[in-house]
Amino acid sequence: MMSFAFVFPGQGSQSVGMLDGWGDHPVVAQTLQEASDALGEDVGALIKEGPKEALALTTNTQPVMLVAGVAAWRVWRAEGGAAPVALAGHSLGEYSALVAAGVLTLAQAAPLVRLRAAAMQEAVPVGTGAMAAILGMEASKVIAGCAEALASFGPGTTEVVEAVNFNDPIQTVIAGTKAGVDKACEVLKAAGAKRALLLPVSAPFHSSLMKPAAEKLRVALADVALAAPQIPVVNNVDVAVQQDADAIRDALYRQAFGPVRWVECVQALKGHGVTHIIESGPGKVLAGLTKRIDPELVGAALFDSATLAETRELLA
């Protein structure tokens with residue numbers, strides 16, 4: 001058996017019908033029922049029927065991505081798949097990783113991520129914040145470009161723009177106020193970025209503007225009992241493995257307004273001896289990033305019955 005890790009995607013990988021590839025697998029049905037009971041609504045119908053616009057609302061996206069990631073993980077284990085040596089999740093995906101590690105139950109995690117989503121949406125009015133992906137430029141130059149953009153507004157400015165997702169060596173996402181992000185895109189393109197793409201999101205996730213949301217999350221986390229992880233989870237905000245419940249709570253609180261250090265997370269997984277990284281949940285975004293972060297690592301995706309068979313063969 002290869003030494004492998006499981007990783008879980010965040011927002012952006014959702015799609016209507018994203019669980020259809022599992023057919024009527026009983027583990028997927030049970031997972032949907034658990035989440036539906038916890039949230040008081042039919043999560044399965046939302047995923048199966050959409051509409052797309054409903055799935056794209058962050059208050060829906062976060063719970064459905066949690067459920068989809070956990071469903072793929074549970075099928076893997078139910079079908080005899082071995083436990084990975086480590087886990088990680090991109091942004092919201094960290095909650096799926098914590099469910100897989102046994103730190104949170106799905107019944108605890110689903111309302112928590114819905115609260116997280118609602119708090120994030122409320123923190124910044126729609127249209128006043130923005131995010132953009134900066135492609136073809138190393139992270140240090142993106143950070144410098146954000147600082148230059150902010151300086152252009154003069155001292156005492158209330159504009160914000162920060163590097164918030166370090167996705168691969170030459171793909172960094174920035175977030176902040178609309179004017180701050182627009183200015184940074186202009187500066188970064190002039191400095192040689194291949195592209196600066198505004199993202200279709202409803203809030204500037206992982207930026208300092210999310211601190212009010214993080215405070216609401218901290219209050220909610222204080223009331224949630226966390227178990228010790230059965231599998232190490234590399235967190236986003238510190239690129240660290242925590243065992244202590246309070247340390248895990250604190251990392252989740254800070255993750256809401258801190259950057260997703262995904263390049264370092266993947267490198268840390270390799271440091272755990274991992275050779276293969278399996279993305280558990282819809283899409284292949286993280287599998288693609290794995291190869292760009294370190295060509296020595298094998299990245300693969302697990303999201304339906306066909307990829308379950310492929311993953312088994314890959315890790316055999």
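Keep in mind that this is a model prediction, so the values were computed, not measured.
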Any donor-acceptor N or O pair under 3.5 Å, side chains Gln121, Thr59: no
Test side chain to side chain contact (heavy atoms under 4.5 Å, CB included) applied to Leu19 and Leu32, step by step: CA-CA 10 Å; Leu19 294 179; Leu32 286 168; 3.8 Å; yes
Donor-acceptor contact below 3.5 Å, side chain Trp73 vs main chain Val7: no
Donor-acceptor contact present, side-chain Ser36 to main-chain Glu41, <3.5 Å: yes
Side chain to side chain contact (heavy atoms under 4.5 Å, CB included) between His90 and Asn167, intermediate numbers included: CA-CA 9 Å; His90 189 285; Asn167 286 336; 2.8 Å; yes
Neighbour count above 12 (heavy atom, 6.0 Å) for Lys216 NZ: yes
Test item: side-chain donor near acceptor, Asn60 and Arg114, under 3.5 Å: yes
Side-chain (His25) to main-chain (Val27) donor-acceptor, under 3.5 angstrom: yes
Shortest non-hydrogen separation from Thr61 to Leu92 and the atoms involved: O-CD2, 4.2 Å
Side chain Gln255, main chain Asn236, donor-acceptor under 3.5 Å: no
Heavy-atom donor-acceptor pair, Asp168 side chain to Ile293 backbone, under 3.5 Å: no
Side-chain H-bond candidate by donor/acceptor type, Thr58 with Gln62, under 3.5 Å: yes
Approximate separation, where rounding is to 0.5 Å, of Leu286 CG and Phe8 CZ: 10.5 Å
Main-chain N/O of Ala225 paired with Gln108 side-chain donor or acceptor, under 3.5 Å: yes
Pair Ser96-Met65, side chain to side chain contact (heavy atoms under 4.5 Å, CB included): steps then yes or no: CA-CA 8 Å; Ser96 307; Met65 284 301 298; over 6 Å; no
Evaluation steps, side chain to side chain contact (heavy atoms under 4.5 Å, CB included), between Val173 and Phe205: CA-CA 10 Å; Val173 174; Phe205 302 116; over 6 Å; no
